[in-house]
Number of protein chains: 2
Amino acid sequence: MSKMPTVKDVAEYAGVSVGTVSRVLSGETAVKPMLREKVNGAISALGYRPNVTARALRTSRTDVIGLVVPDITNPFFAQLAASVERAALECGHSLMLASSHNDRAAEQSHVSAFLDRSVRGIIVVASSDGSGLHLEAAVPIISLDRRFGTFPLVSTNHAQAAALIADHLYGLGHRHIAYIAGPLDTEAGRMRQEGFVSQIDRFGRTGERVELEIAYGRFDYESGERIARDLLSRPPQDRPTAVAAASDQQAIGALRAARDLKIDVPRKLSVTGFDDISLANLVVPRLTTIRQPADTLARRAVGLLLEEPPGREDEMVDGSLIVRGSSGPPAQPKADIAGHRN
Amino acid sequence: MSKMPTVKDVAEYAGVSVGTVSRVLSGETAVKPMLREKVNGAISALGYRPNVTARALRTSRTDVIGLVVPDITNPFFAQLAASVERAALECGHSLMLASSHNDRAAEQSHVSAFLDRSVRGIIVVASSDGSGLHLEAAVPIISLDRRFGTFPLVSTNHAQAAALIADHLYGLGHRHIAYIAGPLDTEAGRMRQEGFVSQIDRFGRTGERVELEIAYGRFDYESGERIARDLLSRPPQDRPTAVAAASDQQAIGALRAARDLKIDVPRKLSVTGFDDISLANLVVPRLTTIRQPADTLARRAVGLLLEEPPGREDEMVDGSLIVRGSSGPPAQPKADIAGHRN
DNA sequence: CTGAAAGCGCTTACAG
DNA sequence: CTGAAAGCGCTTACAG
């Protein structure tokens, strides 16, 4: 394969200066139609492709957007990454992806690496709260889903969405509910819990009392399974009638625990998630959950990043309740149960 | 934030020439210890970080590896991407990820985009056979898992691994088996099928006859579910006693179909997958499957890419059988069933 | 071993 | 509107 043609080659072929070639390339400035045609002819004749690196060096700008996620094997982040890539593409940008494995140091070094190659901007889904503080960067940075440092955040309105789940469960008649929370060192974990708990509290004050238990875990399957197993390994009358989880993965873990304990979902137990990963619609029974609008989130994040000047305001997007087979009315009134105590 | 310091600043601060700075940066050539120290002092005093773009322009080399996968939301590819990122990192390289959404044109344009930014090399998991043919590139390209063009392939030995499943099922006593194949326009799809079928054939010739049905689909959940539903919506005596799928996702879809049809797995039906995605260990029952050694595959691919000269030989890595709860002996001998016909 | 200089391939004031 | 020239920040022969 011979050396790639450069602007110089194109200029010679077209009989113009390199400046002119560059100008038709940029498309911005006015160039006489005849010259423009000649240049375009030369470009296709030679199969010229601009050298992105040289351009980047000269302008200290690239069309690459850096994305750091905590864990690409987490289906929600994978979906988010796919959406960001699509959104970036729509704006003529490429995506550089890094996975921090929930490690703050790795996250930091990925951000630095992006900075070093003067990306156009960086979107980060923070590994945990407090990461990315005191960071100064020459390019815009946007937090997505989980706040990174003090950078503007685009996220689902976790609290509003969690309240939707509370409404749903209370509305079905559940009065003994367990909430499996996410890590409290993440904004998402806290907001979801707070939205859920305060909505339940509100019901407790204005209507029937609700018994609410809260357990804390990570956002993954294992955590949900383990916590649910603990919660459900009690005599039926002491068990919650509904388990609301802070993530689909936890909820799916809970579903598995329920199955292992031969507790029928949704007849003996309702289970709800959060995220609406594609799997939520495939487990048995299908999972009632909150849909996070990944495409919208991604588009907004990319939009803020590319705005001139870059957006500085947080953006919240409402989540929506997706009711499927894993939630239903509680089995029977508490009163009945007393007689069965052993 | 003030302008980033350059080699020039470092040189001035240290009282040496930029050439010397560059030389201590590269570490290769010999530099007098005293000067080296001065330069290193200047570097940390100024907080100097090399400009990756300038270096790339000068050397037409970068430390970025491009990875194209068909669909990042596919758990297996997500895992593969995570492994490739880790392997790249271990070699001091960064990863640029693109998802082709199983679209050949998108795949092509992603590869071109990588080429344009003179990445160190490209790893591609092809969207389908025949993509990437006749491509000439200035940097090494390696196919991973699914062959891209005629570039060297690192993959699991699909045929060997699929034969392991055949051994397992036959060994359990299954004599009526359905195989849900993957797309035949992928090497993986074909190899898995061929490995499975030829092993079954071998048993058929040397031992008891096996009734084998084959259905074709995509590698995803929906495909598996739909096909299994068709397969299993027959009177029990006409149903296969085992369904082997070409992917975990298909198998998980099949599990769902079985559940919907109230067919007990594994007592009435065995189901097996391929890939060992993390979900395989979380579905109910846990899925018997083939583990593809993602880390090993990734490391080999990166290794071939970075070798001088780049590797030209295919590499196969054996998969291993993971037996879990979704497979077991068939329910009862066929003879019993005749009486139940209606 | 070290410095001065050329050059990677672009873009963009600066003249005209 | 167009060309000639400078310069982005590096690396690397080339002398010495």
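Below, chains carry the letters A, B, ... as their sequence lines are ordered, and counting in each starts from 1. It should be emphasised that the depicted structure is a prediction, and the values quoted were computed from it without experimental measurement.
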- Task: Any chance you could encode DNA chain C as dot-bracket? Rule is Watson-Crick or G-U wobble with both distances under 3.5 Å; [ ] for pairs crossing earlier ones, | for another strand.
- Result: |||.||||||||.|||
- Using heavy atoms to find the nearest nucleotide of DNA chain D for A:T59 and A:V18 separately, return the residue whose nucleotide is more 5′. A:V18
Contact list (N/O, under 3.5 angstrom) for nucleotides 13-16 of chain C vs protein:
unit_1, atom_1, unit_2, atom_2, d
C:dA13, N6, A:R23, NH1, 3.4

- Can you list every pair that meets side-chain hydrogen bond (donor to acceptor under 3.5 Å, both in side chains) and has a residue in residues 142-153 of chain B, with sequence neighbours left out? B:R147-B:D314
- Query: So do A:V69 and A:L67 actually touch side chain to side chain, heavy atoms under 4.5 Å?
  - Reply: yes
- List for me each residue that meets side-chain contact (heavy atoms from CB on, under 4.5 Å) alongside B:R218, sequence neighbours excluded, and say none if there are none. B:D220, B:S223
- Query: D:dC10 P sits how many Å from A:N51 CG, rounded?
  - Reply: 17 Å
- Note on the structure: salt bridge (Lys or Arg N to Asp or Glu O under 4.0 Å) pairs touching residues 69-78 of chain B, sequence neighbours excluded, are none
- Under the side-chain hydrogen bond (donor to acceptor under 3.5 Å, both in side chains) test, which residues partner A:R61, sequence neighbours left out? A:E308
- Query: In residues 37-49 of chain A, what residues come within less than 4.0 Å of DNA chain D, judged by heavy atoms?
  - Reply: none
- Item | Between D:dG3 (C1') and A:K8 (NZ): distance, integer Å | 15 Å
- Task: Give, for atom CZ of B:F114 and atom CD1 of B:I122, the distance between the pair rounded to the nearest 0.5 Å.
- Result: 6.5 Å
- Tell me: CG of A:L57 to P of C:dG7, nearest whole Å? 17 Å
- Message: As a test of reading the structure: which of C:dA4, D:dC1, D:dG3 is closest to the side chain of B:S17, going by heavy atoms?
- Response: C:dA4
- Message: What is the distance, to the nearest angstrom, from the CE atom on A:M34 to the P atom on D:dC1?
- Response: 14 Å
- Message: Run the side-chain hydrogen bond (donor to acceptor under 3.5 Å, both in side chains) test against B:S17 and tell me which residues pass, sequence neighbours left out.
- Response: B:T20
- Message: If I take atom CG in residue A:L35 and atom P in nucleotide D:dG3, what distance separates them, rounded to the nearest angstrom?
- Response: 7 Å
- Provide, to the nearest angstrom, the distance between the CG atom belonging to A:L25 and the P atom belonging to C:dG9. 15 Å
- Pairs in or reaching into residues 82-91 of chain B: which pass salt bridge (Lys or Arg N to Asp or Glu O under 4.0 Å), with residues at least two apart or in two chains? B:R86-B:D295, B:E90-B:R299
- Task: Calculate the interatomic distance between B:R55 atom CZ and D:dC10 atom P; express it in whole Å.
- Result: 8 Å
- Tightest non-hydrogen contact, residues B:I72 and B:S99, listed as N-OG, 3.2 Å
- For A:Y48, enumerate each residue passing the side-chain contact (heavy atoms from CB on, under 4.5 Å) test, keeping only those at least two apart in sequence or located in another chain. A:P5, A:V7, A:V10, A:L25, A:I43, A:P50
- Task: Could you list the residues that satisfy side-chain contact (heavy atoms from CB on, under 4.5 Å) with B:R300, not counting sequence neighbours?
- Result: B:V154, B:T296, B:E315, B:V317
- Task: Would you indicate what B:T6 reaches in the nucleic acid, counting non-hydrogen atoms under 4.0 angstrom: base, sugar-phosphate, or nothing?
- Result: sugar-phosphate
- Message: I'd like to check the side-chain contact (heavy atoms from CB on, under 4.5 Å) partners of A:S155; sequence neighbours left out, ordered by chain and number.
- Response: A:L153, A:H158, A:M316
- Think A:T20 has a side-chain N or O under 4.0 angstrom from the OP1 or OP2 of D:dT2? no
- Item | Whole-Å gap separating C1' (D:dC10) and CG (B:D63) | 14 Å
